[in-house]
Trainee: 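Below are the structure tokens for one structure; questions will follow.
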Amino acid sequence: MIRLLQLFLLCCLSSSALAQAPTTGPLVQTSIVPSEGIVIGQPVRLHIKVMFPGEMLRPPLVKITEASGAQIMRFETQALTVRDSVDGQDYVGQTFEFVVFPRRGGDIQVPAADVTLLDRKGDPIGSVRGQPLRFAVTVPAGIDPSGPVLAASDVSVSESWSPASSSTFKVGGAITRIIRRRAADVPALGMAEFRFTAPAGVRAYVDPPAIDDKINRGSVEGIRTDKVTYVFEKPGTYALPALTQPWWDIDDRQLRSETLDGITIAVAAAAPLQPDWRALIGGWQGIIVGGSGSALLLWLLVQLRPQLIVAWRRHRQRHLSSEAFARKALRKAARTGDASATYRALRVWSSRLSPGARQRLGQDSRLNALVNRLERSLFGQGEKWSRQSGVELAKLALRIGSVRLEKRRIQPSALPPLNPIGRP
């Protein structure tokens, strides 16, 4: 009888101990804000909360693979430490925040988060997965989903011209247009490329965009500056076109538009070069023989100075807007290992290739693999872009450059659109 009583007490104690013992596996909770009413281009905050029973040995590593039809980014911010109680069990952990930018309408499937567990020394000791999410995205009336859609709570657009449009312009002169765009919670890479056009008799040269995003406590302020230089090749009156930046106001839920007014420039003919050769020959006898050659050369240089400046400016602008210069800039940026600079240089280079050249490059498996790796490192939380990958891309660009590629004027970017149409 005593033996049975002891056995009964042992079973009770064992059951009580098992009931009080904490679960060994961490909890992974996934949520998005907002959870509904999402429109194309709107930043959606994705929260991954990893909770450990009892104590957290070390903050885990959280990664999300790319999602079809969306960009997923994580800005360089610290995770938020949280504490909670679930079914009487105390938990401690961290919340990791990502930002999802839907680039098409319809359902967007966000993959499950991959969580790597670490010991106190930072060595991996296991892994768990979160839960996938699906949310619906609408395309408001009047929005063109074929290009990047700017959806934000606040957008500002401004421009300046240098020199002023009231200045006097002659053939060979130029005016530079500088456009600055700023958007709340949207990185500059999510803004659409302006398509700069120019009337006949004017040539447009576009500089690579300047990106200056500001990140503060998980919020990003996208700032992008575009610069285009118009060079006047013939006399006349030219209307440089206006530009429009449409955007969706996610607070008031309505379509808005920011317009950049164009300007009209009057261009006068350059003073013709008509040296008075008769007067020069008539006074030749009065010129000292030893300095005649130098004086004539100096005179010609003075007379030809405006034309020489125009010719040099045209030559330099053609060089800066050429495919060869863009390829050289890409190789220089790639060798640094800077993923953002490499991506921007790649977009500029691809925009200067002819359709035939882009088609041939699209069939290059090595280039496609490197471009996909670069985009995953920037937008998909994939493997980190390394300097070795950049060196490989630079060598590949050099090899491609040995093949004669057709040059062309400014065209839209040849990279895959940020808002693909159709099914994922």
Trainee: Quick one: does D144's side chain have a donor or acceptor within less than 3.5 Å of a partner on S146's backbone?
Mentor: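 Yes, because the side chain of D144 sits within donor-acceptor range (under 3.5 Å) of the backbone of S146.
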Trainee: Is it true that Y91 and F52 have ring centroids separated by less than 6.0 Å?
Mentor: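 No; F52 has its ring centre 6.0 Å or more from that of Y91.
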Trainee: If you look at every heavy atom in A174 and P163, which pair is closest and at what distance?
Mentor: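 Heavy-atom minimum between the residues: O-CD, 3.7 Å.
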Trainee: Looking only at heavy atoms, what is the nearest atom pair of P187 and F101, with distance?
Mentor: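 Of all heavy-atom pairs spanning P187 and F101, the closest is CD-CZ, 3.2 Å.
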Trainee: Return the minimal non-hydrogen interatomic distance between R352 and A326, and the atom names on each side.
Mentor: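 So the minimum-distance heavy-atom pair works out to NH1-CB, 3.7 Å.
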Trainee: Check the surroundings of atom CZ in R318: do more than 12 heavy atoms from other residues, nucleotides or ligands lie under 6.0 Å from it?
Mentor: yes
Trainee: Are Q42 and W248 close enough that a side-chain donor and a side-chain acceptor fall under 3.5 Å?
Mentor: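 Short answer, no.
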Trainee: If the threshold is 4.0 Å, N to carboxylate O, is there a salt bridge linking E159 and R177?
Mentor: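 So E159 pairs with R177 through a salt bridge.
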Trainee: Do I143 and V39 make a side-chain contact, defined as non-hydrogen atoms from C-beta onward lying under 4.5 Å apart?
Mentor: no
Trainee: Test your reading of the model: is there a side-chain donor-acceptor pair from D123 to the backbone of D119, 3.5 Å cut-off?
Mentor: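 Checking the backbone N and O of D119 against the side chain of D123, no donor-acceptor pair under 3.5 Å is found.
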Trainee: Considering non-hydrogen atoms only, spot the tightest contact between P102 and I108 and give its length.
Mentor: CB-CG1, 4.3 Å
Trainee: Has R256 got more than 12 heavy atoms of other residues, nucleotides or ligands less than 6.0 Å from its CZ?
Mentor: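 Enclosed: over 12 neighbouring heavy atoms sit under 6.0 Å from CZ of R256.
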Trainee: Does D338 offer a backbone N or O that forms a donor-acceptor pair with the side chain of T342 under 3.5 Å?
Mentor: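 Here the side-chain-to-backbone pair exists.
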Trainee: Tell me if a side-chain donor or acceptor on D249 pairs with a main-chain N or O of R253 at a distance below 3.5 Å.
Mentor: no
Trainee: Quick one: list whatever passes salt bridge (charged side-chain N to carboxylate O under 4.0 Å, His left out) with D154, sequence neighbours left out.
Mentor: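 Salt bridge (charged side-chain N to carboxylate O under 4.0 Å, His left out) list for D154, sorted by chain: R182.
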Trainee: Which residues pass the salt bridge (charged side-chain N to carboxylate O under 4.0 Å, His left out) test with D114, sequence neighbours left out?
Mentor: R129
Trainee: Which heavy atom of V44 sits nearest a heavy atom of P34, and at what distance?
Mentor: CG1-O, 4.0 Å
Trainee: Indicate the ring-plane relationship of F325 and H319, choosing parallel, tilted or perpendicular according to the 30° and 60° boundaries.
Mentor: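 Judged by the thresholds at 30° and 60°, the geometry between F325 and H319 is perpendicular.
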Trainee: Tell me every residue that passes salt bridge (charged side-chain N to carboxylate O under 4.0 Å, His left out) with E233, counting only those two or more places apart in sequence or in another chain.
Mentor: R203
Trainee: May I ask you to say whether E392 pairs ionically with R335, meaning some side-chain N is under 4.0 Å from a carboxylate O?
Mentor: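 No, this pair does not count.
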Trainee: Nearest heavy-atom pair of D213 and V220: which atoms, and what distance?
Mentor: CB-CG2, 4.1 Å
